[in-house]
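Reading through the structure tokens given below for one structure.
Any value given below was found using the heavy atoms of this structure, including those in side chains, with hydrogens, waters and symmetry copies removed.
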Amino acid sequence: MLKSFWLTCRRTCGRGIYLFLSLMVAAGIWVVSPEPTQAFSLPELIFRGIQVIQLSNMSDRQEVAIGRQINQQLTNSQFKIDRDRDTTEYINRIGQRLAQESSRPNIPYTFQVIDDDAINAFATMGGFVYVNKGLMAAADNEAELASVIAHEIAHINARHAIQQMRQMAIASGVASATGLDRSQAVQIGVELALRRPHSRQAEYEADQLGLQTMGRAGYAQSGMVDFMKKLLNKPSPPSILSTHPATGDRIAAISQAIDPELASGEGLNNEDYRLEIRRLLGS
């Protein structure tokens with residue numbers, strides 16, 4: 001009987017603390033609102049306060065759930081996913097090897113191949129990584145391909161998409177400076193995946209984190225520099241470079257960060273890679 005009483009008290013107190021925090025945040029939104037003439041009812045302010053708390057403290061589970069909805073929209077209407085089992089398994093094998101050596105190995109990662117000849121790759125929040133067939137064909141070896149996947153995993157590790165979402169929410173005035181509901185989050189996430197490049201700082205950070213992940217996974221870190229140099233020397237820069245900072249500066253920063261002992265790891269056999277890619281893509 002006494003144990004049941006204490007459990008009831010704890011649940012009640014927990015709800016009370018959450019409501020108190022929501023009221024405090026809501027009051028803050030009301031105080032700093034740039035439009036003091038705009039009126040909100042108390043229930044609306046409480047709801048807005050809860051939204052702020054949820055976004056500012058987005059859990060891994062929430063991030064994965066939103067990422068899953070973003071992925072559903074992207075794969076249903078924006079991109080044609082290559083459903084070939086062997087190709088998907090190949091990319092997934094590389095991706096999972098890297099993900100387990102990343103700074104967030106405990107979230108589920110999903111690696112998908114897009115049936116597109118453009119040289120490109122990108123990631124969305126919650127562990128979703130997309131690699132174009134054109135990028136697979138452009139790489140000379142598995143280390144080069146792994147370098148791009150490691151870079152995209154790094155964006156997820158650093159929660160860059162969530163940071164962009166907050167910035168976009170501020171710019172559009174949705175809900176509050178730091179919060180928005182799930183449906184709005186999904187729509188913003190889709191737009192970010194399609195049209196919003198990462199900041200210069202985010203790209204440099206993803207390079208460094210990706211390089212470290214490559215080393216821990218056993219891949220030759222030199223593959224990241226080699227692939228960038230090859231793309232830089234193409235007559236016209238592919239889309240993967242057009243949305244990124246100056247490639248020459250990135251190459252210089254990565255070259256300085258390479259561990260000499262990890263420069264020549266696995267994945268540098270060009271012949272084996274070309275045979276595998278020819279088997280998978282027929283190119």
Side-chain angles (χ1 to χ4, degrees), residues 55-56 58 63 66-67 70 74 95 98-99 102-104 114 118-132 134-135 138-139 143-172 174 177-178 180 185 188-216 219 221-259 262-263:
L55 184 58
S56 299
M58 185 182 291
E63 181 185 346
I66 293 173
I70 294 170
L74 290 174
L98 291 164
S102 72
S103 59
R104 296 180 69 190
I114 297 178
I119 302 174
N120 199 18
F122 66 96
T124 57
M125 65 175 64
F128 292 85
V129 178
Y130 309 81
V131 180
N132 280 17
L135 189 142
E144 291 185 0
L145 175 60
S147 74
V148 179
I149 298 175
H151 175 94
E152 299 305 330
I153 290 173
H155 280 306
I156 296 169
N157 291 172
R159 295 189 167 211
H160 288 153
I162 298 176
Q163 296 170 20
Q164 284 184 298
M165 185 174 289
R166 288 174 182 153
Q167 294 168 359
M168 197 165 176
I170 292 172
S172 60
V174 178
T178 56
L180 65 166
I188 290 176
V190 170
E191 184 173 347
L192 289 173
L194 295 175
R195 287 177 277 277
R196 298 278 179 152
H198 290 287
S199 68
R200 182 184 181 91
Q201 179 181 354
E203 291 298 345
Y204 280 122
E205 184 178 11
D207 285 342
Q208 297 300 313
L209 291 175
L211 192 69
Q212 294 168 19
T213 298
M214 283 187 72
R216 288 193 294 268
Y219 282 112
Q221 289 184 330
S222 58
M224 184 174 286
V225 169
D226 293 342
F227 192 60
M228 286 189 185
K229 285 182 177 178
K230 178 168 51 180
L231 296 185
L232 186 62
N233 292 329
K234 285 186 174 293
S236 57
S239 55
I240 195 172
L241 294 185
S242 63
T243 57
H244 287 59
T247 307
D249 293 340
R250 292 176 65 196
I251 290 173
I254 295 168
S255 299
Q256 291 180 351
I258 287 179
D259 185 337
L262 301 177

Examine distances only and state if a side-chain atom of [X] and a backbone atom of [Y] form a donor-acceptor pair shorter than 3.5 Å.
X: N132; Y: A118; answer: yes
X: E63; Y: M58; answer: no
X: S222; Y: A263; answer: yes

What do the steps show when you test V131 against V148 for side-chain contact (heavy atoms from CB on, under 4.5 Å), and what is the final call?
-> CA-CA 9 Å; V131 180; V148 179; over 6 Å; no

Among M224, R200, M228, which residue meets the side chain to side chain contact (heavy atoms under 4.5 Å, CB included) test with R250?
-> M228

Mind running side-chain contact (heavy atoms from CB on, under 4.5 Å) on R159 and R104 for me, showing each step along the way?
-> CA-CA 10 Å; R159 295 189 167 211; R104 296 180 69 190; 3.4 Å; yes

Rounded distance [0.5 Å steps], CD1 in I66 versus OG1 in T124 =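 Reported value, rounded in 0.5 Å steps: 11.0 Å.
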
Would you please classify the geometry between the H155 ring and the H151 ring as parallel, tilted or perpendicular, with 30° and 60° separating the classes?
-> perpendicular

Can you see which heavy atom on Y130 is nearest to which on A123, and at what distance?
->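 Reported closest heavy-atom pair: CD1-CA, 4.4 Å.
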
Would you sort out whether I153 and I149 count as a side-chain contact (heavy atoms from CB on, under 4.5 Å), showing the intermediate values?
-> CA-CA 6 Å; I153 290 173; I149 298 175; 4.0 Å; yes

Between H160 and E203, does any side-chain donor sit less than 3.5 Å from a side-chain acceptor?
->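 On atom types as modelled, these side chains do not qualify, holding no pair under 3.5 Å.
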
With a cut-off of 6.0 Å (strictly less than), are more than 12 heavy atoms of other residues, nucleotides or ligands near NZ of K229?
->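 Open: at most 12 neighbouring heavy atoms sit under 6.0 Å from NZ of K229.
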
